[in-house]
Amino acid sequence: MGRHRSDPMGLARLALAALAVGVVVTLLFIGGRALLASLSTPTQAERERERATALPTTGTATEEITVKVPTLHIECLAETCPTVTVRVPGGDVLQHREMSKGEEVSFFEPELDVVLSDSGTVRVTENGKQREQGELGAKKAFTARAPG
């Protein structure tokens, strides 16, 4: 009676618990990476707009190619530009996040409400014309409207 037998059900439960923990950790890792990727990549609509403006129109060689100028273009000049918020008045929030140095975003909607947490860290172009740069640390809010 000095022999000790291990409980096979206990080992199975332990293996199942370890497997469950591994699955949960893997799912958290994959979800975190997907969340980070979605925050730093342009939306499908933004990619389609950029692709549409990059494609020349088809026609004869004498026709002028018109390039659509964005209603609003924002470029981050600092290492980190505090929260930049762009939304359609009474509608969708198109952007509400920090930006990194050199990052640029363009919007083509006819009217946009803009809030810059630090207007001195970004370069803003409205309808192809550069807006006066704000002071470092100064919050700035304005509405950008497409011409016409």
Side-chain angles (χ1 to χ4, degrees), residues 9-148:
M9 290 304 287
L11 289 176
R13 286 186 190 122
L14 183 62
L16 189 57
L19 180 64
V21 169
V23 168
V24 169
V25 169
T26 302
L27 289 174
L28 286 172
F29 177 76
I30 292 170
R33 286 185 51 113
L35 178 63
L36 288 175
S38 72
L39 293 176
S40 64
T41 58
T43 65
Q44 181 68 25
E46 290 171 338
R47 286 192 297 268
E48 288 174 9
R49 278 193 294 258
E50 290 173 2
R51 190 169 38 248
T53 58
L55 296 175
T57 59
T58 58
T60 63
T62 58
E63 284 185 31
E64 276 189 37
I65 296 175
T66 58
V67 177
K68 190 172 181 183
V69 175
T71 306
L72 182 71
H73 180 81
I74 302 173
E75 178 184 1
C76 179
L77 303 175
E79 284 302 314
T80 301
C81 296
T83 306
V84 174
T85 304
V86 179
R87 68 183 300 251
V88 176
D92 294 336
V93 174
L94 304 176
Q95 174 161 318
H96 180 74
R97 63 179 175 83
E98 292 182 346
M99 294 175 64
S100 301
K101 186 171 187 156
E103 184 179 354
E104 299 180 20
V105 290
S106 294
F107 303 95
F108 295 86
E109 285 70 16
E111 188 173 356
L112 298 161
D113 288 334
V114 182
V115 179
L116 307 171
S117 295
D118 186 345
S119 60
T121 61
V122 294
R123 179 181 301 134
V124 178
T125 307
E126 185 177 344
N127 300 311
K129 296 180 181 160
Q130 188 170 331
R131 288 182 63 100
E132 184 177 326
Q133 183 147 358
E135 294 183 28
L136 281 175
K139 184 175 182 176
K140 191 172 197 177
F142 61 93
T143 300
R145 290 179 182 86

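Within the 3.5 Å criterion, the main-chain N or O of Val69 finds no donor-acceptor partner in the side chain of Asn127.
Gly120 and Gln133 make their closest contact through O-NE2, 2.8 Å (heavy atoms, listed as atom of the first residue, atom of the second, distance). The minimum heavy-atom distance between Cys76 and Met99, with the atom names listed, is SG-O, 3.7 Å. When all heavy atoms of Val115 and Ala141 are compared, the closest pair comes out as CG2-CB, 4.1 Å. The two residues Pro110 and Thr71 make their nearest non-hydrogen contact at O-CG2, 4.3 Å.
Looking only at side-chain heavy atoms (C-beta outward), Val105 and Arg97 come within less than 4.5 Å of each other. Using a 4.5 Å heavy-atom threshold, the side chains of Phe142 and Val114 count as touching.
Of the inter-residue distances, the one linking Asp92 atom CG with Leu112 atom CG reads 11.0 Å to the nearest 0.5 angstrom. Note that CD of Glu126 and CD1 of Ile74 are 10.5 Å apart. Values are rounded to the nearest 0.5 Å. Taking NZ of Lys101 as the start and CD of Glu79 as the end, the distance is 5.0 Å to the nearest 0.5 Å. Atoms CZ and NE2, from Arg131 and His73 in turn, are 14.5 Å apart once rounded to the nearest 0.5 Å. Interatomic distance, Lys140 NZ to Asp118 CG, rounded to the nearest 0.5 Å: 11.5 Å. Atom CD in Glu103 sits 12.0 Å away from atom CG in Leu77 (nearest 0.5 Å).
Residues satisfying the salt bridge (Lys or Arg N to Asp or Glu O under 4.0 Å) criterion with Arg123, sequence neighbours excluded, are Glu75.
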Solution key, residues 80-89 side-chain donor-acceptor pairs under 3.5 Å, sequence neighbours excluded:
unit_1: Thr85; atom_1: OG1; unit_2: His96; atom_2: ND1; d: 2.7
unit_1: Arg87; atom_1: NH2; unit_2: Gly91; atom_2: O; d: 3.2

